[in-house]
Number of protein chains: 2
Amino acid sequence: MHSVGHHNLPSYALLRSFECAARHESFTQAAEELHLTQSAVSRQVKELEDMMGATLFRRVGRRVVLTESGRRFAADLAVDLENLRQSVARAIAVGERISTLRIGILPTFASRWLIPRLATFLNDHPNIEIRLETRTLPFDLTRERFDVAIHFGKADWPDARMTKLFDEEMLPVASPRFRDMQMATEPTRLAQAPLLHLITRESAWIDWFAINGISDRRLLSGRHFDQFSMIISAAAASLGAALLPKYLIESELESGILIPLSDTALKTHNSYFVVSAAGDVNPQVNAFTRWLLSAARRGSMHWARHDGRL
Amino acid sequence: MHSVGHHNLPSYALLRSFECAARHESFTQAAEELHLTQSAVSRQVKELEDMMGATLFRRVGRRVVLTESGRRFAADLAVDLENLRQSVARAIAVGERISTLRIGILPTFASRWLIPRLATFLNDHPNIEIRLETRTLPFDLTRERFDVAIHFGKADWPDARMTKLFDEEMLPVASPRFRDMQMATEPTRLAQAPLLHLITRESAWIDWFAINGISDRRLLSGRHFDQFSMIISAAAASLGAALLPKYLIESELESGILIPLSDTALKTHNSYFVVSAAGDVNPQVNAFTRWLLSAARRGSMHWARHDGRL
DNA sequence: CACCTTCTATGAGCGGAACTCATGCTTCGT
DNA sequence: ACGAAGCATGAGTTCCGCTCATAGAAGGTG
């Protein structure tokens with residue numbers, strides 16, 4: 001519980017919530033715009049009122065209406081916050097001259113996870129150019145002159161700063177049509193159906209069935225591909241059931257092109273990592289790493305347009 | 001770990017730390033001004049740089065020097081933050097017309113704890129007037145028309161919203177001269193020395209000695225007073241050893257007029273509470289309560305000028 | 001040139017702020 | 001009268017924002 005005065009400001013979160021709530025004269029709508037819960041906005045406005053000792057909204061019925069001083073304050077705030085944002089944006093833009101980050105990355109991860117979210121980062125950092133190059137095997141960061149790499153596996157990279165993005169969770173999925181055709185709603189039925197395999201990870205399905213108490217030599221039969229993107233297409237085309245990392249099929253799950261066949265996900269012991277050279281102090285590398293991390297935390301695509309918090 | 005962009009700002013803490021560090025071109029001095037550790041400022045500046053992907057300071061030797069873009073940014077920030085502060089201050093001031101908070105309070109607590117800190121609250125809320133009236137016994141908030149009361153004891157007030165400020169910790173103290181005269185450096189010696197008692201709490205010394213494994217009928221002898229302020233004066237005048245709440249003798253401890261005779265404090269089972277009427281929605285009451293709470297948390301007087309955080 | 005002082009950087013760890021979830025309460029529309 | 005829509009609030013959780021302790025680097029001083 002804090003107080004506020006001439007030399008101490010309420011936190012940015014409070015001010016922004018109030019400004020937004022004032023614009024809409026509605027906590028619910030503000031919550032929507034800010035991607036918070038109505039609960040959060042309600043609390044924050046209340047807290048701000050308490051700190052300032054002033055009534056900003058009058059609660060009338062199931063509605064909130066700005067008081068006169070609330071209206072003035074909101075107007076001032078809108079201007080002040082915009083100025084601040086401008087200052088920050090400008091400082092980011094002139095930070096260094098335009099420079100290029102070279103990024104080594106796995107192909108499917110790039111097209112299905114990174115690129116859909118990338119717009120927000122590039123928007124916020126107009127002076128950073130991106131150059132994506134796909135690599136599948138570990139390589140020497142400095143020799144290849146990559147600034148950053150996305151690595152899948154373990155934290156076993158020499159001379160590198162590694163930050164885990166997330167663990168891999170493999171989910172059994174198929175097209176709705178396939179599910180209905182095969183009645184593949186439980187593991188035993190699923191074991192009979194055609195399975196789609198990734199060549200470099202033949203054991204994935206076996207591991208998943210093991211969790212469900214099924215072991216069968218014939219599980220290895222089915223169709224085999226050497227890239228996730230092919231499996232995704234194959235599954236969408238009802239060629240079989242696939243075991244796919246959640247992160248790569250967000251849009252398909254959302255649109256219903258693919259649906260989960262079970263709730264039990266297979267946690268592999270590998271993870272995605274951001275890698276940069278141990279001695280690198282380039283702040284743009286840090287900014288990118290940091291952004292990746294926050295995007296990974298946020299998880300779903302819903303928020304792709306809204307990186308960052310404060 | 002978060003990112004920053006056109007619609008999301010770094011937290012106020014980060015910006016303020018940077019602005020201050022930029023003004024001094026020194027993290028240590030900034031830490032001093034902001035009453036933070038050097039560690040905190042260092043981290044915050046680094047975090048800001050990472051979020052923005054720009055180098056704001058160049059680390060040269062044991063010194064930090066603003067980069068060109070850092071300098072620009074700091075200048076912008078100083079203006080923006082000042083504007084924001086102005087807007088907030090104005091909104092607080094015009095919030096309601098000047099009104100008076102009537103506060104019921106214990107006499108020594110008022111003069112020794114509240115009043116020394118009160119300036120900051122009044123400063124931040126120019127539209128609030130204060131009217132302090134001393135009461136020692138519980139009373140009816142609404143009948144007496146108090147807006148707020150400070151209560152000592154237990155949370156047993158009917159129809160009231162009570163917030164605990166802090167527990168009472170009684171510390172054995174005396175003047176340096178008294179300590180030397182009586183060689184009262186350990187409990188056994190102290191038991192022989194003249195003790196100062198508060199009439200409403202005769203058992204305090206007995207309880208304290210009990211903690212230290214000493215029980216003696218004669219402990220009740222000594223000098224008796226009915227207000228803490230008298231005991232404080234008596235102790236300062238070397239009339240005896242006193243068992244006093246820390247909160248009431250901060251300045252004496254700091255200046256060395258009184259010194260602790262032991263490290264073991266006596267925690268009584270009573271506490272200080274802020275009390276306001278259950279149904280009260282006056283935001284100024286909340287603001288005052290909130291401020292009291294933050295002042296209590298901060299503890300020592302050192303920070304009296306710096307209430308609140310963001 | 002060794003020493004001490006004075007700055008910043010960094011690993012570890014903790015408390016509390018800032019959320020979410022679930023639910024209750026009030027009002028408005030039909 | 002009933003349901004929908006909106007704000008308030010208790011409880012619980014995550015992780016930011018700090019501190020403490022210590023390392024490391026660079027100047028200042030005899």
Side-chain angles (χ1 to χ4, degrees), chain A residues 1-4 8-18 21 24-32 34-51 56-66 161 278-279 281 286 290 293-294 296-299 303 306 308-310, chain B residues 1-4 8 10-18 21 24-32 34-51 56-65 161 278-279 281 286 290 293-294 296-299 303 306 308-310:
Chain A
M1 231 176 288
H2 293 282
S3 181
V4 67
N8 297 292
L9 287 173
S11 82
Y12 175 57
L14 262 52
L15 297 176
R16 189 188 45 180
S17 279
F18 167 68
H24 295 287
E25 296 218 346
S26 154
F27 294 177
T28 306
Q29 285 179 50
E32 224 153 275
L34 299 171
H35 300 283
L36 296 174
T37 55
Q38 174 270 328
S39 178
V41 175
S42 170
R43 282 161 197 287
Q44 286 173 341
V45 170
K46 178 96 166 37
E47 189 173 344
L48 188 62
E49 288 180 308
D50 284 355
M51 285 172 106
L56 300 171
F57 283 103
R58 193 139 281 131
R59 276 71 170 173
V60 38
R62 70 179 178 188
R63 183 158 237 90
V64 287
V65 184
L66 278 171
R161 201 156 44 98
V281 290
N286 288 334
R290 181 177 276 274
L293 210 51
S294 74
R297 267 228 265 280
R298 189 148 10 263
W303 313 97
H306 311 275
R309 177 193 47 119
L310 299 184
Chain B
M1 205 113 8
H2 293 280
S3 181
V4 68
N8 296 293
S11 80
Y12 174 57
L14 261 52
L15 296 177
R16 189 187 45 179
S17 279
F18 168 69
H24 294 288
E25 297 220 341
S26 155
F27 294 177
T28 305
Q29 285 178 51
E32 224 153 275
L34 299 171
H35 301 285
L36 297 175
T37 56
Q38 173 271 327
S39 179
V41 175
S42 170
R43 281 162 198 287
Q44 286 174 340
V45 170
K46 178 96 166 40
E47 190 173 343
L48 188 62
E49 287 180 309
D50 283 355
M51 285 172 107
L56 299 171
F57 283 103
R58 193 139 281 131
R59 276 70 169 175
V60 37
R62 70 177 179 190
R63 186 156 232 90
V64 287
V65 184
R161 200 156 43 97
V281 291
N286 289 333
R290 181 178 277 272
L293 209 50
S294 75
R297 268 228 264 280
R298 188 148 13 264
W303 313 98
H306 311 274
R309 177 194 47 120
L310 297 184

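Per chain, numbering begins at 1; letters A, B, ... match sequence-line order. Small disclaimer: the values here were computed from a predicted structure and weren't measured.
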Does Val60(A) or Ser17(A) map to a spot on DNA chain C nearer the 5' end, using the closest nucleotide for each?
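Its nucleotide being nearer the 5' end, the pick is Ser17(A).
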Within this structure, what is the [atom1]-[atom2] distance for the pair [X] and [Y], rounded to the nearest 0.5 Å?
X: Ser17(A); Y: Lys46(A); atom1: OG; atom2: NZ; value: 15.5 Å
X: Gln38(B); Y: Leu36(B); atom1: CD; atom2: CG; value: 11.0 Å
X: Arg59(A); Y: Phe27(A); atom1: CZ; atom2: CZ; value: 4.5 Å
X: Ser11(A); Y: Met51(A); atom1: OG; atom2: CE; value: 7.0 Å
X: Arg62(B); Y: Ser26(B); atom1: CZ; atom2: OG; value: 11.0 Å

Polar atom pairs between nucleotides 21-23 of chain C and protein, under 3.5 Å, N or O only, would you list them?
{"residue": "dC21(C)", "atom": "N4", "partner": "Ser39(A)", "partner atom": "OG", "Å": "2.8"}

Would you say Thr37(B) and Arg43(B) make side-chain contact, with heavy atoms under 4.5 Å?
no
Just so I know, are the side chains of Phe57(A) and Val65(A) near enough to count as touching, which here means a heavy-atom distance under 4.5 Å?
no
[N] [atom2] sits how many Å from [X] [atom1], rounded?
X: Leu15(B); N: dG17(D); atom1: CG; atom2: C1'; result: 14 Å
X: Arg16(B); N: dG17(D); atom1: CZ; atom2: P; result: 11 Å
X: Leu14(A); N: dA18(C); atom1: CG; atom2: C1'; result: 9 Å
X: Met51(B); N: dC16(D); atom1: CE; atom2: C1'; result: 11 Å
X: Leu56(A); N: dC7(D); atom1: CG; atom2: P; result: 15 Å
X: Asn286(A); N: dA9(C); atom1: CG; atom2: C1'; result: 14 Å
X: Leu293(B); N: dG16(C); atom1: CG; atom2: P; result: 11 Å
X: Glu32(A); N: dC7(D); atom1: CD; atom2: C1'; result: 15 Å

Let's see if you can work this out: which of dG17(D), dA8(D), dT20(C) has an atom nearest to the side-chain heavy atoms of Glu47(B)?
dG17(D)
Let's see if you can work this out: which of dT10(C), dT8(C), dG17(D) has an atom nearest to the side-chain heavy atoms of Lys46(B)?
dT10(C)
Side-chain N or O of Arg297(A) versus OP1/OP2 of dC16(D): is the shortest distance under 4.0 Å?
yes
If you take all heavy atoms of Phe18(B) and Val45(B), which pair is closest and at what distance?
CA-CG2, 4.4 Å
Check: protein-nucleotides 2-7 of chain C nitrogen or oxygen pairs below 3.5 Å:
{"residue": "dT6(C)", "atom": "O2", "partner": "Arg62(B)", "partner atom": "NH1", "Å": "3.1"}

Where the side chain of Glu49(B) meets the backbone of Leu56(B), is there a donor-acceptor pair that is under 3.5 Å apart?
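Yes; judged by distance alone, with no hydrogens or angles, the pair exists.
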